[in-house]
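Since the structure comes first, as C-alpha cells, the remarks are kept for the end.
Here is the naming used below: chain letters follow the sequence lines, and residue numbers restart at 1 for every chain.
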Amino acid sequence: MSDSQDTWLRAATALNLLAVDPVGLGGLWLRARSGPVRDRLIDGLQALALPLRKIHPTITDEQLFGGVDVSATLAAGTVVETKGIIGQPSALILTMAERAEANLAGKLALALDDHTCHSLILLDEGDGDEEQAPPALRDRVALHIDATHIAWQDTTDVALPKADIDAARARLDTIQASDTVLKYLTQFAQELGIDSLRTPILAVRTARVHCALFGGDEIDADDLRAAVQLVYAPRATRMPEPEPQPEDNTPPPPPDTNEGDQGDESETPNDFQIPEEVLLEAVKATLPADLLAHLAKQETKSKTPAGAGSGDNKKCNRRGRPLPSRPGQIDGTSKVDLVATLRAAAPWQPIRRKCSPRGTNLHIRAEDIRLKRFEEKSDRLLIFAVDASGSAAFSRLNEAKGAIELLLAEAYARRDHVALVAFRGDSAEILLPPTRSLVQTKRRLAALPGGGGTPLAAGLKSALDLALQARKRGMTPTVAILTDGRANIALDGTANRATAGEDADRMAKSLRGHAVECLVIDMSNRPQQALKHLSETLLAPYVPLPRADAKRLSSAVSAVLSD
Amino acid sequence: MKQPFPFSAIVGQDDMKLAMILTAVDPSIGGVLVFGDRGTGKSTAVRALAALLPPIKAVEGCPTNSEKVADCPEWAEIGSRKIVTKATPVIDLPLGATEDRVVGALDIEKALTRGEKAFAPGLLARANRGYLYIDEVNLLEDHIVDLLLDVAQSGENVIEREGLSIRHAARFVLVGSGNPEEGELRPQLLDRFGLSVDVTTPTDIDDRIEVIRRRDAYDSDYTTFMLRWQAEDAIIRDDILKARKLLKKMKTPDATLRDCAELCIALGSDGLRGELTLLKTARALAAYQGDKTVTRAHVKAIAPASLRHRLRRDPLDEAGAGTRVTRIVEEVLA
C-alpha cells in the first residue's frame, strides 16, 4: 500500500473517531490545500452529531460570543441580543487556521476547555513550518492529519454506517482504560519528546473511542496503535531509538527502550502485552521518510518551540488602538460605529418622539452618525546583520549579542522585534528569527560561531530577505549592519575581492531599491572608506564605533532610530 | 453541567497551588502570575480555584458584590436589602475584551428604551471581592493593561466618559498566566502581581502517569472522582478559613521585619512593594500552616515567589531570576 493510501485510511479513521466523540477528542487539525481530497474529508464531517459552523480567523467577538443585533434593535426599540456561535453546542470549522491570531486562539481554547459542547476542526492551508495553526489550538485537538500528499485516486469511501457510530457512542462510557494503558501512553509520549500533558490525555481518549468503534471490550494493541498514529506521531519531536536521535552526537545506547521494556515486564499483567516496537513501528509507519530527516533538522527548534511563540508567528500587525469615534458622514470608506451612534442618539429619543409622527421607533438623524477610528502603529523589526568573520569576530559578536539583549530588554515599551543575521565563511545564516521573547533570544544566542571570510553580500541578501518577509507581516524593518567592511567573499561563495565588492554594492542597491531603512556601524579600528561608500549607496547613516561595547552600541542604534 | 477539575486533584505544581491558596488567605497580597509551558495545568488550576474558594456574603443583586447595603454603589438599582451567600467570583478577562466590557459603559438598553443615562457595569465590577483571571496575560492589548494597572493600584474603578461620572470599588486578586516564550510582560504590570511562580512540565514519569490517570478518571468516572476530591477541596477550604482567623492575631517579630528588609536590599528590588508583599505572604503562609508567629523559615520559603519578578532585569544573566533569589536568600538568611 502506498503512503498516500495509508494516509487516507488514517484520515478516514480519524473522521470516524471524531464522529463518535467530537467533544472529548477536542477536534481535528487538518493540514491540506483546498481541493477534492480536502472536500471529501470535510464532507465526512457531516457524520458529526453536532451542527457544523464555519468560522474564519477574523471573526469578531460579537459573532463568537453574541452581541447586540443592530437591525432588530433599531426596529424594535429594545435591545435584541444575538446568540453567539460559542453559545450553542457546535463543531466549529476554522478555515485558514494558519492565519488565526493568538487572540482568537485564546478565546477558542477557552471554549474547548469546557469540554462540554465544542469541537474544533482546524483547516490549515499553511505553507511550510512557518505557517501553522496556533499552537494553543493544535495542542487541544487530539487528531492531527496531514493530507497534503494524498492523491485523489487513493480516496475511497470509508465512512462507517450511522448505526455503528451511534452504537460506539453508547458503548464509549463502558470502556475503561486500564492502568497499563495509561502508563504505556504516558511513557511513550515522553520518549517521543512530547512535553504537553494534554497529549497523553487525548491519546487515552482516542484509544477508548477507537476501542468502542472497532469492537473489543478492552483497549488492545490496535487501539493503541491508532492512538499513537493519530495523536503522537505528528507531534513527536524525537525518536526513542539511537539512530535518528541527533540531539547528542554520540550514538546513545538504547537505555530508554531497555528501561521501558523492563518496566513493562514487571508491571504488565500477562494478558496484555504490547511490545514497544509495535508502537514504534506504528509511529515510523506514519512518518513519511523525509520526515525523519526533518525531525533531525527540527531538533533545536522543538526544544525552543520557535514557531510556537505567537510573538513572532503573528501574520499581521497589531490591531489599531481604538480612538474615540467622531461625527461624520457615511461615505463607504470608513466604518460606522453603531454603538456610539446609538449612544449619541439615545438622549434625544423622548424629544424626537414628541416631535415626530413616526411613533415609538428609534429616531436617528444624520448628525448622530459616528465613525470608527483606529490608530495603528507598525511594529518595528531591528535586523542586526553582523560580520562574524576573522579575528575581531569574537568581540564583535559578543557586543552585538549584548546590544540585542539590551535593546530587547527595553523593547516592551517600544514594541520592537529583533532578528540577527551573521555572515562568515562563505555564507550568511539567520541566527535569530524575528522575535520579542527575551527567553528565546538568550537561548539562541548562547553559542555563536565566528571566523572565516567576509561575505558581506550574502549577509546583506539575508537581511534583505528577512526585511521583506517582515514587511509582508506588517512590520517596519530596519537593518543595522555591523562590520569592518573588507568584503572578500562573493555572493556565489568564491574568494574574490573584486566580485565580492561588486556583489555587496549590488545588494546594497537592492536594499535601497526596496526602501529598507538601514544603518551602517563601522567597527574597525580606523574608519573604513569602503563602508562610508556602502552607507552612501544605502542612503543610510554611517556610525563609526571603534571598540564599541554593548551599551554604546545599543544607545547608538536607539539614537539613530529615534531621528 | 460538569464541575471543573478539582483543585486538590492537580498533581504536583505545589508552588502554584500554594501561591493561589495564600492569596485566598490574604487577598491583599495582590495576585499571582503563573508562567509556564503549554499543558502544565495553569488554566486548570485557575478554573478549579472558583470551586475551592469559601463563599462570600454579599447584598443580593449588587453588581459589585458589596458586603453591606451601605457599600452598594448609588448608580446600582438594587431592589432587595437582603444579604445572601454566593460563590467568590472568579471572572475571566478574555484577551480581546473591549474597554467597554472591562470597565463598563453606558447602558444602551436603558438609553434606548427609557432615554436614561445609566451605567452598565463591566468585568471589573463583577470581579470586586473576587478574582480576575487573564489567560495569556503577556498578549493583552496595551490599553487594557494600562486600565488594569490603574485599577489594581487604587482598588477603585473610575469611569469618566460618555457623560457618565461614576466610581465603584474594584478590589480583586489578579491572576495571570502565560507562556514566556510568546512575549514578555511589561515590568510595571509584573510588579502589580504579588507572587510569581514558574510551572514546568513534570519530568517524573510516575507523576505524569498520575496526571493522566486522574484526568481519565475525571472523564470516565466523574461522580466517584468528584466525590473523592471534593472532600479534599473541602479540607483546603477549611484550612483557608482557619488561616484567615489566625492571620488577624498573627505576631510579627521585629527580627522578621529586619529579615525581609535585608533580603530586599540585598536583591536590590525596586521600591518597597517587595518587602510588603514578602511580609504579607510570609504571614499568610504562617497562618496557613497553623503557626502563631512569623519566623525566618516562613520568609525563606516564600521569598522566591514574592521577589522573583521584582528584580532589575539583567539581560546578560543566563540563570533565571528564581535562582538568583534562592542564592541571595541563602546568603542573607543563612
Self-check item: Heavy-atom closest contact (T186(A) atom, R208(B) atom, distance)
Solution: CG2-CB, 3.4 Å
Quiz item: V211(B) versus P200(A): any side-chain heavy-atom pair under 4.5 Å?
Solution: no
Exercise. Measure distances from D221(B) to the heavy atoms of chain A and classify the residue's part below 4.5 Å as side chain, backbone, both or neither.
Key: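 The answer is neither part of D221(B).
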Practice problem: Check whether T40(B) gets within reach of chain A through its side chain, its backbone, both or neither, counting any heavy atom under 4.5 Å. | Solution: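 Contact with chain A involves no heavy atom of T40(B) at all.
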Quiz item: Just by distance, do the side chain of R215(B) and the backbone of L202(A) share a donor-acceptor pair under 3.5 Å?
Solution: no
Quiz item: Are the side chain of Q190(A) and the backbone of T203(B) linked by a donor-acceptor contact shorter than 3.5 Å?
Solution: yes
Quiz prompt | Other residues, nucleotides, ligands: >12 heavy atoms within 6.0 Å of R213(B) CZ | solution = yes
Pick from [options]: which one has the most heavy-atom pairs with chain B under 4.5 Å?
options: L104(A), D195(A), I175(A), T174(A); value: D195(A)
options: D139(A), L172(A), V204(A); value: D139(A)
options: D179(A), D173(A), L197(A); value: L197(A)

Quiz item: So D216(B) and R205(A), salt bridge (charged side-chain N to carboxylate O under 4.0 Å, His left out) or not? Walk me through it.
Solution: CA-CA 8 Å; D216(B) 184 57; R205(A) 187 82 186 180; over 6 Å; no
Quiz prompt | Best-contacting candidate, I205(B), T201(B), T200(B), T44(B), against chain A by heavy atom pairs under 4.5 angstrom | solution =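 Of the candidates given, the most pairs with chain A belong to I205(B).
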